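Contents: one structure, followed by commentary.
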Number of protein chains: 2
Amino acid sequence: MSTTEHTNFKPLKAIPLRQVTIQDPFWSARERNVIGTVIPYQWDALNDGIPGAEPSHTIENFRIAAGDAEGDYYGMVFQDSDLGKWLETVGFALSKERNPELEKLADDVIDLLGRAQQPDGYLNSYYTVKAPGERWTNLRDNHELYCAGHLMEAAVAYYEATGKRKFLDIMCRYADYIGTVFGAEAGQKRGYDGHPEVELALVKLYQASGNRSYLELSKFFVEERGQQPHFFDAEIREREALQGASGKKKRTYDYFQAHLPVKEQTTAEGHSVRAVYLYSAMADLAVEYGDDGLKEACRTLWNDTVGRKMYVTGGIGSSAYEERFTVPYDLPNDRAYTETCAAIGLMFWAQRMLQMEKDRKYADVMELALYNGVLSGISLDGKSYFYVNPLEVWPDTANFRNDMHTVKVTRQPWFGCACCPPNIARLIASLGQYVYSAGEDERELYVHLYVGSKAGVELAGVPVQLTQQTNYPWDGQAELQLSLQQPADLTVCLRIPGWCRKWTVSVNGAETDAGEPVNGYAKLTRTWQDGDRIELSFDMPVELMHSHPNVRSNAGKVALQRGPIVYCLEEIDNGANLQDLAIASDAQFDVNYDAGLLGGVAVLTGVGSRSVIPAKAEGILYGTRPFERAAAPVKAIPYFAWSNREPGEMTVWIRSS
Amino acid sequence: MSTTEHTNFKPLKAIPLRQVTIQDPFWSARERNVIGTVIPYQWDALNDGIPGAEPSHTIENFRIAAGDAEGDYYGMVFQDSDLGKWLETVGFALSKERNPELEKLADDVIDLLGRAQQPDGYLNSYYTVKAPGERWTNLRDNHELYCAGHLMEAAVAYYEATGKRKFLDIMCRYADYIGTVFGAEAGQKRGYDGHPEVELALVKLYQASGNRSYLELSKFFVEERGQQPHFFDAEIREREALQGASGKKKRTYDYFQAHLPVKEQTTAEGHSVRAVYLYSAMADLAVEYGDDGLKEACRTLWNDTVGRKMYVTGGIGSSAYEERFTVPYDLPNDRAYTETCAAIGLMFWAQRMLQMEKDRKYADVMELALYNGVLSGISLDGKSYFYVNPLEVWPDTANFRNDMHTVKVTRQPWFGCACCPPNIARLIASLGQYVYSAGEDERELYVHLYVGSKAGVELAGVPVQLTQQTNYPWDGQAELQLSLQQPADLTVCLRIPGWCRKWTVSVNGAETDAGEPVNGYAKLTRTWQDGDRIELSFDMPVELMHSHPNVRSNAGKVALQRGPIVYCLEEIDNGANLQDLAIASDAQFDVNYDAGLLGGVAVLTGVGSRSVIPAKAEGILYGTRPFERAAAPVKAIPYFAWSNREPGEMTVWIRSS
């Protein structure tokens, strides 16, 4: 596995964002919310204009770095990345519709970045303002390349949306400079960032600019990681010689995914966001270089992540301490960390694995994370956020026990460490690029997600327009219509979701035998005519989900899922002490769409049981007789929508009686 | 409730320790272990002579204070109390059998205390060595009176065992001095210690010395607690004026049980050890002063503690953060704090409530804590200790998750904060005083605990010798024999344990109708003859214990209990992933005494079920079908004996299927 082998991959390619328009009852409102509300709100946040929110100082830091203002740097060392994510979101927004006012705002801040850029191309407000002589002295802890990466991603998005090169050029200059600092040549640093991000960003920068040196630099960073002698040790020695101190407390290498060379890593370890950002870059490089060893490492890491360390919501990283993976099957619900950014990063990685492997299983996880562990991170109004996404909350203790101090019962307006809010904004704004792919022989059109949309793509020279209409995720119907200038031989590959046991596909009203799905995709190959219509129908019953028995915290419990949506119980609907509520192993639930609830959600209602607590039981904690139980109504709402009403208890996993 | 009302209590009185000799298959070995092994071991610990253990420096601190040595103070501010508890244990040991060598050691260290005592009577090594000008400037945080209290308790025990007055005189001098510093007179401090202890110690000092001013001082401390304007605030202001800083971060008053005057307190709050030490003193004063308001406050606090905040093991204080009570029914098993000292303190309080109220319910809790949450704190060899006593352990995560950093999987040889080891030693060494009481009219002889022993007591002038033989807790038989110099009219009051549903009592071989127990005590009133024999037989089936449904962490689970012994499952007997193991709601268990196991324990064996995990389930975390289950053997051992073999998983609460 440690040698590089080359295979001719023919990966899928996402249909670029600017060619996809979301027109969807579920997602359009969320997209509009991001563009119309979240982008301005987060701009205010970056300018410290949100009353009651933790200050950001991000723009001011750049103004000081540019010489436009005087003052001290304030914030985390990675504050620059918040602007990167915001600008990337703006880029995604502009790719849908140009907006002169927003573009002016972005251009002005890009000008500011230009002024803050140093003559040699360096661009980082923390070091420029606070420690100008100390560049590249603490790669392990100080996120210097991480910030560069987010600005690179933003520059690519902005360039692709607007065609304007200024930001792209700024970031290419910075990348060129980084390329002089890092490398295997004498006098260069054989190092890499403690927080992976620049690696995947450099791949994007290469793809946008065509400059292959950025891809090579990404490969260098990924391949150096975890090599011996260890860069972080050498760096500490240099820093001690220079500054007389080694900086923050030493963490173990696995926290940084730097415990082994990446091809030798077989288990997901350490900080979960760092992990999935790295694995995303590894998948990119596996494809770009046709590297079988890297591909196999990605598969192994994937299986460990989703097969042993993922919550039913698609959340990952179960421990608040170091925001990290712990041991297999350690998935406590009340102390779940499951950072919003980690679920987003899992989507990034899943999409890349999907393009590489063309296997539904990656799309299933991408979809699961999207509708649950990602979407729970933002309130319905777009103005408050969860950093941590527990699967069980008892507010009385969450506010009390120090061992759950990271768990919040309500979403927060902003964070001192504000990585999640702009991350979820850019994810929603870029959703279009997760829906479709074009296939290897250029005649395959893949549908991964069922999201109402229009997509335009050229397959082997044939322009194809696809219109998708659906009420997903609330029902399992989707209709796809092709617009063609002339009949075309194409294969339409339709994802049959992993959660679906029964489905039909019709073409122009006639049910069609699509044959056995290939890697989970029903493949319809024919000479398609303009106006051809595909109708999909996925059975979407309420399922009682069971955990692998090794997940101790879910022993004897079930979760409710319907389609891609994982449900939860809230106190407001079910009363307090949700752990006492139990449902039978064959419980049936009614599904009703409630347009007036939580922005419109399908609600599950059924009957479970609860203990009958006689008055004489008050003050008696333990006894030899079980309490009698009586029927009790159960009402479940989608997990992503929890905590949008009165704060209270919540649980995803429900006792099975 | 805030006014003091007086009632003529006729409380029970414990039969003093020197009049009770333990001769018991279960306890004698433990008592011998404490006297023969633990006392010397802990003496070594106080002298920093245990390789690999955290240093103590306790004796050295006193040597420096006495001018016998030079050096700096080292350790917690309350290091003195460790010597107090050790000397108290020595006192208890000597009350059983004088031991010249041990007595010499104690006398020497008492001489050292005499040399360390300041001319005005003050005796505290921390302030004497480290901050001689700052006495009484931080009552809230620095345990000055707490340390005094432990030395007072030791002095009383040593005096009662040996008749030597030196230590008692030292502590009376110190108490006299304290009485000049604190009080309601002008120029005196209207204060009290952040950690209650001196209050109950002063009651003992009063009882041993006959000097009622100590009782009055205890009453002053208890009644001042929580009054407004708040002493801790005044103290901070004075300290700021004096030292320019306010000391440690301010905690809320309830941490110190100082949020309200004690008679207005209705719920158990704050640091759990502090709480039960205070409540013990409140019960003492309620009896001494016949104070109905204090008695009612004790009852209310008791009901809240044992009815809403106690583990099934008798452990209390469920949160590591501030070692405290949290909210009702918040009793997580894996993050149980349940400090050994808190269970010991609960025994102290329970005994006082029992003497005051003559109600079995207090003896039940005293017994429950003794055999479970207290005894789990010490290893079978007496040389290692749990500070924290969880009810569920998964070592892989306990060593990994920061949110369970206080949980240890194996007992430790010593602690930097070493309150628990000497506390459990003194508890075991003084067990004799918990077994019997003499009743109000001096003709009632109460038997609270079934522990093989001989006790001598004079009831209204009639000397009575009682010999108890039992194999408790492994079976429910006990035989009591009376030795009388002449026939005597007495009432023998026999506790019918709360866990027992069926029992018989015989006198001289003939089953006797003892009538309905009074407050849980079967009362046998007759003219007893020398040699009369009482045989008790308590049915002791294995019980499946259920929690109140409000205890979320035990929903759907049962615990095994037999007699007073709570059982647990260990990985070494049952394999890993104990949460998957389930037992039926009507599961039957065999009971077998295994003399070779864990020092001799009754083992429970039965059949439960476990998931069958097919190979194809590897790497699949969630699915729609439950796993099949197959019969699996279940073997339970007493909770107190866990972690005396190979380290591994443990659980008290078991899934009920």
Side-chain angles (χ1 to χ4, degrees), chain A residues 303-304 306-308 310 312 319-322 326-327 329-332 334-335 394 396-397 400-405 499 501 543-553 555-559 561 577-580 582 585 610-611 613 617-627 655-657, chain B residues 303-304 306-308 310 312 319-322 326-327 329-332 334-335 394 396-397 400-405 499 501 543-553 555-559 561 577-580 582 585 610-611 613 617-627 655-657:
Chain A
N303 290 340
D304 186 58
V306 309
R308 284 178 281 274
M310 184 183 76
V312 72
S319 173
Y321 174 66
E322 295 192 334
T326 64
V327 295
Y329 308 110
D330 174 37
L331 298 165
D334 54 352
R335 287 165 299 133
W394 181 19
D396 293 1
T397 55
F400 203 101
R401 294 191 73 92
N402 207 41
D403 45 22
M404 300 200 290
H405 69 281
W499 52 258
R501 303 199 226 189
E543 302 275 13
L544 272 60
M545 302 301 291
H546 298 261
S547 284
H548 192 287
N550 286 356
V551 183
R552 289 153 172 77
S553 41
K557 296 179 182 176
V558 293
Q561 186 171 345
N577 193 9
L578 296 173
Q579 275 57 54
D580 183 47
S585 57
R610 269 190 174 278
S611 296
I613 307 180
E618 165 63 15
I620 299 174
L621 266 178
Y622 307 104
T624 56
R625 287 173 60 181
F627 281 71
R655 267 177 72 193
S656 173
S657 61
Chain B
N303 291 340
D304 185 58
V306 309
R308 282 178 283 274
M310 184 183 75
V312 72
S319 173
Y321 173 66
E322 295 193 332
T326 63
V327 294
Y329 308 110
D330 175 37
L331 299 165
D334 54 352
R335 287 164 298 133
W394 182 19
D396 294 1
T397 54
F400 204 102
R401 295 190 71 94
N402 207 43
D403 45 22
M404 300 199 291
H405 70 280
W499 51 258
R501 304 200 224 188
E543 302 275 13
L544 271 59
M545 302 300 292
H546 299 260
S547 283
H548 191 286
N550 286 356
V551 184
R552 288 151 173 80
S553 41
K557 296 179 181 176
V558 293
Q561 185 170 344
N577 193 9
L578 296 172
Q579 275 58 53
D580 183 47
S585 57
R610 267 190 175 279
S611 296
I613 307 180
E618 165 64 14
I620 299 174
L621 266 178
Y622 308 103
T624 55
R625 287 175 57 181
F627 282 71
R655 266 177 73 193
S656 172
S657 61

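Note that these values count all heavy atoms, side chains included, but never hydrogens, waters or copies made by symmetry. These numbers come from a predicted model, not from an experiment. Just so it is clear: chains get the letters A, B, ... in the order the sequence lines come, proteins before strands, and each one is counted from 1.
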At a heavy-atom separation under 4.5 Å, does A/R308 approach chain B through its side chain, its backbone, both, or neither? both
Okay, A/F627 and chain B: the region with an atom under 4.5 Å from a heavy atom over there is side chain
Evaluate the side-chain proximity of B/T624 to A/H546: yes if any heavy-atom separation is below 4.5 Å, no if none is. no
Is it the side chain or the backbone of A/I620 that comes within 4.5 Å of chain B heavy atoms, both, or neither? backbone
Out of A/N550, A/L578, A/V551, return the one with the most heavy atom pairs under 4.5 angstrom to chain B. A/N550
Of the listed residues (B/D304, B/T326, B/D580), which shares the most heavy-atom pairs with chain A below a 4.5 Å separation? B/T326
Based on non-hydrogen pairs under 4.5 Å, which of B/G556, B/S553, B/S611 is most in contact with chain A? B/G556
Could I get the full list of side-chain contact (heavy atoms from CB on, under 4.5 Å) partners for A/V306, not counting sequence neighbours? A/W302, A/M310, A/V365
Chain A contact via B/R552 - side chain, backbone, both or neither, heavy atoms under 4.5 Å: both
Rounded at 0.5 Å granularity, tell me how far CH2 in B/W499 sits from CE in B/M545. 11.5 Å
Please look at A/D334 and chain B and tell me whether the side chain, the backbone, both or neither of the residue comes under 4.5 angstrom of a heavy atom of that chain. side chain
Can you tell me which portion of A/V327 sits under 4.5 Å from chain B's heavy atoms? Options are side chain, backbone, both or neither. side chain
With a 4.5 Å cut-off on heavy-atom pairs, point out which of B/A555, B/A559, B/P549, B/G619 contacts chain A the most. B/P549
Working to the nearest 0.5 angstrom, can you tell me the gap between B/N577 CG and B/R610 CZ? 6.0 Å
When you compare the side chain of B/I613 with that of A/H548, does any pair of heavy atoms fall below 4.5 Å? yes
Find the one option among B/R655, B/E543, B/Q579, B/R335 whose heavy-atom pairs under 4.5 Å with chain A are most numerous. B/R335
Over all heavy atoms of both residues, which pair between B/L544 and B/S585 is shortest? Give the atoms and the distance, please. CD2-O, 3.5 Å
Among B/L621, B/D396, B/T397, whose side chain to side chain contact (heavy atoms under 4.5 Å, CB included) with A/Y329 holds? B/L621
Would you please name every residue forming a side-chain contact (heavy atoms from CB on, under 4.5 Å) with B/N402, sequence neighbours left out? A/Y321, B/H405
Give, as side chain, backbone, both or neither, the part of A/R501 having an atom under 4.5 angstrom from any heavy atom of chain B. side chain
